[in-house]
Amino acid sequence: MFDPQRGFVDPLLSWYEQNGRHDLPWREPDRTPFEVLLAEIMLQRTTAEAVAGVFRPFAARYPTPAAAAAAPSDDIKGLVEPLGLVKRAAYVRQCAGQILSRHAGDVPREHSVLVDLHGVGEYTARSVLIHVHGLGVAAVDTNVRRLLSRFFDVTPEQSQIAVLADALAPSTRSSDFQHAMLDFAAEVCTADSPGCSSCPLRGPCATAEE
DNA sequence: AATCCGGGGTA
DNA sequence: TACCCAGGATT
């Protein structure tokens, strides 16, 4: 019987320790909850490499929800422009304002409250819960969906993948596990030409390319 | 359920 | 040229 712990979670975490993108600025241990939220919004449909190029000045300019809420909208827009999807400048400003007015400037800790923030959906809310609060769940993005649907040979339907991802997420290392899935999917289990020949995972994967 | 947003990188 | 990228809002 296939053991997802031995065949997937453990080797994935081992791969991550050796090969993960540990230098990304929003993964630094002293990151604030608002910095995590800022990063996740900038990362929506945007490569980590692109966000890495602008994140430090962005976070330095808007260290708190109060700073972001008070900024002229064109000001934030200028920092988002090189990434595309410029409407995210409005996400950041409105979201920061809501955190100020509704939550006294503290990033919420509950899923139902997080998803009520402008620009915060299922993925971003879960990311905050995982990386800030250590909740033992997973966040399904395009990388996770591709990786899990391939490896477990199931349809990429969102709700099924979400259940599977939560079941796999370790209760004590959910942040590492989430980053491991993202990095592995971005660097090995890529959308086209996945590196199957060097894949350290062993299991029911039906994807086979040399 | 579809459509739109978007610049940058890659094949 | 066409497709992809740590999605979410809008219709």
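Each chain gets a letter, A, B and so on, in the order its sequence line appears, and its residues count up from 1. Below, each value reflects all heavy atoms present in this structure, side chains not excepted, and no hydrogens, waters or symmetry copies. As the structure is a computational prediction, the values presented were derived from the model and not from experiment.
- In summary, the side chains of A:Gln178 and A:Ser127 do not present any donor paired with an acceptor at a separation below 3.5 Å, with no hydrogens or angles considered.
- Among the atoms of the strands shown, only primed sugar atoms or phosphate atoms (P, OP1, OP2) are found under 4.0 Å from some heavy atom of A:Glu81.
- For A:Ala48, counting side-chain heavy atoms from C-beta on, the closest listed nucleotide (C:dA6, C:dC5, B:dC4) is C:dA6.
- Comparing A:Arg27 and A:Val120, the nucleotide of DNA chain C nearest to each residue sits closer to the 5' end for A:Arg27.
- Residue-to-nucleotide proximity on DNA chain B shows that, of A:Arg45 and A:Glu49, the 5′-proximal contact is made by A:Arg45.
- Rounded to a whole angstrom, the distance from the P atom of C:dA6 to that of B:dC4 is 23 Å.
- Checked against C:dA6, C:dA9, B:dC5, the side chain of A:Ala186 finds its nearest nucleotide in C:dA6.
- Nucleotide C:dA6 holds its P atom 22 Å from the CG atom of A:Leu114, rounded to whole Å.
- In this structure the side chain of A:Thr64 never reaches within 4.5 angstrom of the side chain of A:Thr32, judged on heavy atoms.
- Using a 4.0 Å heavy-atom criterion, one finds that A:Gly84 contacts the bases of the nucleic acid, with or without backbone contacts as well.
- Using a 4.5 Å heavy-atom cutoff, the side chains of A:Phe151 and A:Cys189 are not in contact.
- The phosphate of C:dC5 (OP1 or OP2) has a side-chain N or O of A:Arg146 nearer than 4.0 angstrom.
- C:dT11 and B:dG6: their P atoms are spaced 15 Å apart (whole Å).
- Donor-acceptor pairing under 3.5 Å, judged by distance alone, is absent between the side chain of A:Arg88 and the base of C:dA9.
- Comparing the same atom, C1', in B:dA1 and in C:dC5 gives a spacing of 23 Å after rounding to whole Å.
- The shortest distance between side-chain heavy atoms of A:Thr155 and A:Ser149 does not fall below 4.5 Å.
- Which of C:dC5, C:dG8, C:dA6 sits closest to the side chain of A:Glu122 comes down to C:dG8.
- Counting heavy atoms from C-beta outward, A:Arg21 and A:Glu187 have side chains that approach closer than 4.5 Å.
- Distances were taken from every side-chain heavy atom of A:Thr124 (C-beta onward) to each of C:dG7, C:dA6, C:dA9; the shortest belongs to C:dG7.
- In terms of phosphate contacts, A:Thr46 brings no side-chain nitrogen or oxygen within less than 4.0 Å of OP1 or OP2 of C:dA6.
- If you check every strand for non-hydrogen atoms under 4.0 Å, A:Val51 touches nothing.
- Using a 4.0 Å heavy-atom cutoff across all strands shown, A:Leu117 reaches sugar-phosphate atoms only and no base atom.
- Of the two residues contacting DNA chain C, namely A:Lys87 and A:Ala191, the nearest-nucleotide position lying further toward the 5' end is that of A:Ala191.
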